[in-house]
Structure formats: structure tokens, C-alpha cells
Amino acid sequence: MREFDERSRRLFAGVLARQLGRGGIQRVLEITGLTRVTIRRGLDECQQAQPSDPGRVRCAGGGRKRVEKKVLASG
């Protein structure tokens, strides 16, 4: 699972949990070590007709702020 990016990992876990049926989330959790929330999110993303933004892995605006912006804002 190391070769997957974050979104691919979620989608794979979601598909696998769905295939396993009842108790699938718990089983995938034990196999992969992913959290229940991550697996549930993967299930939800699998049900969507189209991804929100296929070119992005994370939401826009996520992650740390740039150092230049922090220095300018505080100084």
C-alpha cells in the first residue's frame, strides 16, 4: 500500500471493504492498519459519480502555510 497516494489508498480500502460485505470495514482495518474513518471515507468516495477534482490528492488550501507568508504576516 506504500505505492498508493492518499486518495488511491482510501479508494482501494473502500472497494475492498465493500467487496467483503458485512464486517468489511473491520477486516480492512485489521489488514491495512488504516483508520475506520479513512475506510469509511473511501467507501463514500467510491459511491460518488465523479471525483471532485481528479488532479488533486488533497483539498485546496490544505497543508502548512508557506514560510514566506508566515513571516510577512507576523512581521
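Note that the structure is predicted; figures quoted are calculated from it, not measured.
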Roughly how far apart are [X] [atom1] and [Y] [atom2], rounded to 0.5 Å?
X   : Y   : atom1 : atom2 : answer
E30 : I25 : CD    : CD1   : 12.5 Å
T35 : R40 : OG1   : CZ    : 12.0 Å
R7  : R41 : CZ    : CZ    : 10.0 Å
T32 : R10 : OG1   : CZ    : 13.0 Å

Of all residues at least two apart in sequence or in a different chain, which pass the side chain to side chain contact (heavy atoms under 4.5 Å, CB included) check with L29?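 With neighbours one apart ignored, the set is Q26, R36, I39.
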Joint cluster assignment, L11 & L43, ILVMFWY side-chain distance < 4.5 Å: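 The answer is no; the residues belong to distinct hydrophobic clusters.
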May I ask whether F12 and L20 are part of the same hydrophobic cluster, defined by side-chain heavy atoms of I, L, V, M, F, W, Y residues being less than 4.5 angstrom apart, directly or through others?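 As far as the 4.5 Å side-chain criterion goes, L20 and F12 are connected within one cluster.
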Salt bridge flag under 4.0 Å for residues R9 and E6: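 Answer for the salt bridge query: no.
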Counting heavy atoms not belonging to R18, are there more than 12 under 6.0 Å from its CZ?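 Enclosed.
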Tell me if a side-chain donor or acceptor on T38 pairs with a main-chain N or O of L34 at a distance below 3.5 Å.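 It does not hold such a pair.
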Shortest non-hydrogen separation from C46 to G14 and the atoms involved: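 For C46 and G14, the tightest heavy-atom pair comes out as SG-C, 4.3 Å.
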